[in-house]
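Read through the structure below, which is laid out as structure tokens, and then see the notes.
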2 protein chains.
Amino acid sequence: MLSQSIEDYIKAIYKLQEHNTSVTTNDLAKKMNVSAASATNMVKKLAEMNLAEHTSYKGVTLTEAGTKIALEIVRHHRLLELYLQQALGYTWDKVHEEAEHLEHHISEEFEDRINDFLGNPQYDPHGAPIPSRDGTIPTISKDSLADADEDNEYIMQRVEEESPDFLRYVGGLGLFPNVRFKLIAKEPFKGPLTLRVDGDMKIIGHETASKLYVYRSESA
Amino acid sequence: MLSQSIEDYIKAIYKLQEHNTSVTTNDLAKKMNVSAASATNMVKKLAEMNLAEHTSYKGVTLTEAGTKIALEIVRHHRLLELYLQQALGYTWDKVHEEAEHLEHHISEEFEDRINDFLGNPQYDPHGAPIPSRDGTIPTISKDSLADADEDNEYIMQRVEEESPDFLRYVGGLGLFPNVRFKLIAKEPFKGPLTLRVDGDMKIIGHETASKLYVYRSESA
DNA sequence: AATAAATTTTAGTTTAAGCTAAAAACAAAC
DNA sequence: GTTTGTTTTTAGCTTAAACTAAAATTTATT
Ligand SMILES: [Mn+2]
Ligand SMILES: [Mn+2]
Ligand SMILES: [Mn+2]
Ligand SMILES: [Mn+2]
């Protein structure tokens, strides 16, 4: 069994890889809230275990084995988030923290049972994709609302932020995954956006919009 | 936050205190599967933290603060066991192991939510009492089936063993908590016992009977 | 009561995961 | 193309939780 620390480092590398091309030890150190030296240490250990490849002064990448572990942890996390919401009535701003701890401690049986309870779901409460048992990842939108066009209808796909305050704010606007809304206006120079959500007008900042990912809605 | 290790030691001392009068470091070492030296070490640390009292070469007892922590962990464990069975369909032989891990990692919110889901229950799937939030412990039977009398009716209260094999065996006999049965015959010198459970005759060994705790049934 | 046996504690190591401070490598600025 | 600055690695130290071996204490046996 891998330590919680190792699992968290692998997950962090995985998440950094999704955005940045190359992941430096410094990126990792920041994400993990440890010193650069600690990150270097762990990276060398992961390389030793063949879970990551490391070239000194260059960066880290997960090996196939490492990626498999990352996906397993991410699956645990997102299934747990959805389970906490659906089965235990957690609000979407509270699920992340609890899942963050539990993800390392549930058995495969637990994973399978909550997966079955939830009907083999594809997305977590924030719209993040849940990797399947065999490592397939459901499709997601790459289009941020910050890059969307005025006068179009959109459907919320996901929120890419986990801070409770932010989620409560976004939830207060009615912007949950699968909710349809219209982008009424958008001011230039990273200015505010005006949306119509369920009949109500809402004004949000560019920063907020940049964390919301959307699909163009087909219908009128 | 206390480490998992500290929590497990405290729980172990608590459980040993339930049976043995004085708990020696050796008892503790055996229960925890560590060397006697490791147990001594931890006991000194617990004493340092005012969670236990330790007199060299004599033994350990939990302080009030230590007992409070023990009860909290036991509550987590038993609520989890019941939740796994009731909400996720675990069989009673599988719940212990999963709960053993999760007990250290759930939040107070999780505890409260599963408690509410279960309707503030008093006993776990094996009939063990679930300490209430404020530390009250539901009553249990102190009478082992091994000390019971022929020709009487009994009601199963609890099984005091957690090994999956044993639980599957006992479950196969139909002997779950709250099940009524009659003790038909009992051979002397730790001999076998004959029971009638739901119309069927079952013969069990003295060793098995000693782990089953029962109430005298009032009805005919 | 004296000796032997068992238990418990002490002393000294090990491993994992963190840290700081200094050295080495790379990148940027002049 | 040096010099300066930033990033990354190395080296050495700390803490928690385990271990073994040896010393101290208690219990049991003659
Ligand atoms: Mn985590
Ligand atoms: Mn999420
Ligand atoms: Mn435990
Ligand atoms: Mn139980």
Side-chain angles (χ1 to χ4, degrees), chain A residues 1-14 16-17 19-62 65-66 69-70 73 100-101 103-105, chain B residues 1-14 16-17 19-62 65-66 69-70 73 100-101 103-105:
Chain A
M1 262 268 300
L2 300 172
S3 71
Q4 168 163 349
S5 184
I6 290 176
E7 288 189 356
D8 277 334
Y9 271 102
I10 291 174
K11 192 174 87 166
I13 296 169
Y14 175 84
L16 289 169
Q17 276 183 341
H19 292 287
N20 318 7
T21 331
S22 86
V23 177
T24 68
T25 38
N26 234 308
D27 294 340
L28 188 54
K30 263 169 210 146
K31 182 135 217 178
M32 291 293 297
N33 279 306
V34 296
S35 70
S38 298
T40 301
N41 239 12
M42 181 56 84
V43 161
K44 294 179 92 172
K45 182 156 137 189
L46 293 176
E48 188 55 48
M49 297 167 112
N50 291 309
L51 298 174
E53 278 174 41
H54 179 225
T55 24
S56 263
Y57 292 99
K58 285 288 182 171
V60 220
T61 33
L62 293 178
I69 291 163
I73 303 162
E100 190 65 34
H101 293 119
E103 63 185 7
H104 308 289
H105 304 290
Chain B
M1 261 269 300
L2 300 172
S3 71
Q4 169 161 349
S5 183
I6 289 175
E7 288 189 356
D8 276 333
Y9 272 102
I10 290 174
K11 192 175 85 165
I13 296 169
Y14 176 84
L16 289 168
Q17 276 184 341
H19 292 288
N20 319 6
T21 332
S22 86
V23 176
T24 68
T25 38
N26 233 307
D27 294 341
L28 188 53
K30 263 170 209 147
K31 181 135 218 177
M32 291 293 297
N33 279 306
V34 296
S35 70
S38 299
T40 301
N41 239 13
M42 181 56 83
V43 161
K44 293 180 91 174
K45 183 154 135 190
L46 292 176
E48 187 56 48
M49 298 166 111
N50 291 310
L51 299 174
E53 278 174 41
H54 179 224
T55 25
S56 263
Y57 293 99
K58 284 290 181 168
V60 220
T61 32
L62 293 179
I69 291 163
I73 304 162
E100 190 64 35
H101 293 118
E103 63 185 6
H104 308 288
H105 305 291

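Sequence lines set the chain letters: A, B, ... in the order given, protein chains first and strands last, and positions in each chain run from 1. Bear in mind the structure is a predicted one, so any value in this text is a computation, not a measurement.
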Within the structure shown, what part of the strands sits under 4.0 Å from [X] by heavy-atom distance: base, sugar-phosphate, or nothing?
| X | value |
| --- | --- |
| A:Thr40 | base |
| B:Ser38 | base |
| A:Ala37 | base |

Rounded distance (Å) that lies between atom [atom2] of [N] and atom [atom1] of [X]:
| X | N | atom1 | atom2 | value |
| --- | --- | --- | --- | --- |
| B:Asn41 | C:dT7 | CG | P | 20 Å |
| B:Lys44 | D:dA16 | NZ | P | 15 Å |
| B:Met42 | C:dT9 | CE | P | 15 Å |
| A:Asp8 | C:dA16 | CG | C1' | 15 Å |
| A:Ile6 | C:dG18 | CD1 | P | 10 Å |
| B:Met1 | D:dA16 | CE | P | 15 Å |
| B:Gln4 | D:dA18 | CD | P | 10 Å |

Output yes when B:Lys11 and B:Glu100 qualify as a salt bridge under the 4.0 Å nitrogen-oxygen rule, no when they do not. yes
Output a table of donor-acceptor pairs, distance under 3.5 Å, between side-chain atoms of residues 28-39 of chain B and any protein atom two or more places apart or on a different chain; print 'none' if there are none.
unit_1, atom_1, unit_2, atom_2, d
B:Ser35, OG, B:Ser38, N, 3.2
B:Ser35, OG, B:Ser38, OG, 3.0

Which sits closer to the 5' end of DNA chain C, A:Asn33 or B:Ala39, going by the nucleotide each is nearest to? B:Ala39
Could you tell me whether the phosphate oxygens of [N], OP1 or OP2, come under 4.0 Å of any side-chain nitrogen or oxygen in [X]?
| X | N | value |
| --- | --- | --- |
| B:Ser3 | D:dA16 | no |
| A:Ser35 | C:dG18 | no |
| B:His54 | C:dT9 | yes |

Got a sec? Which of residues 19-28 of chain B come in under 4.0 Å of DNA chain D, heavy atoms? none
Identified side-chain hydrogen bond (donor to acceptor under 3.5 Å, both in side chains) partner of B:Thr24 from the options B:Asp27, B:Asn20, B:Asn26: B:Asp27
Where do B:His54 and B:Gly59 come nearest, in terms of heavy atoms and distance? CD2-O, 3.3 Å
Taking the side chain as C-beta and beyond, is there a heavy-atom pair between [X] and [Y] under 4.5 Å?
| X | Y | answer |
| --- | --- | --- |
| A:Asp8 | A:Glu103 | yes |
| B:Ile6 | B:Ile69 | no |
| B:Val60 | B:Leu16 | no |

So, applying side-chain contact (heavy atoms from CB on, under 4.5 Å) with A:Ile13, which one of A:Leu46, A:Thr61, A:Leu51 is it? A:Leu46
Is it the case that over 12 heavy atoms from other parts of the model lie below 6.0 angstrom from the CD atom of A:Glu53? no
Short N/O separations, protein against nucleotides 22-27 of chain C, under 3.5 angstrom:
unit_1, atom_1, unit_2, atom_2, d
C:dA25, O4', A:Tyr57, OH, 3.3

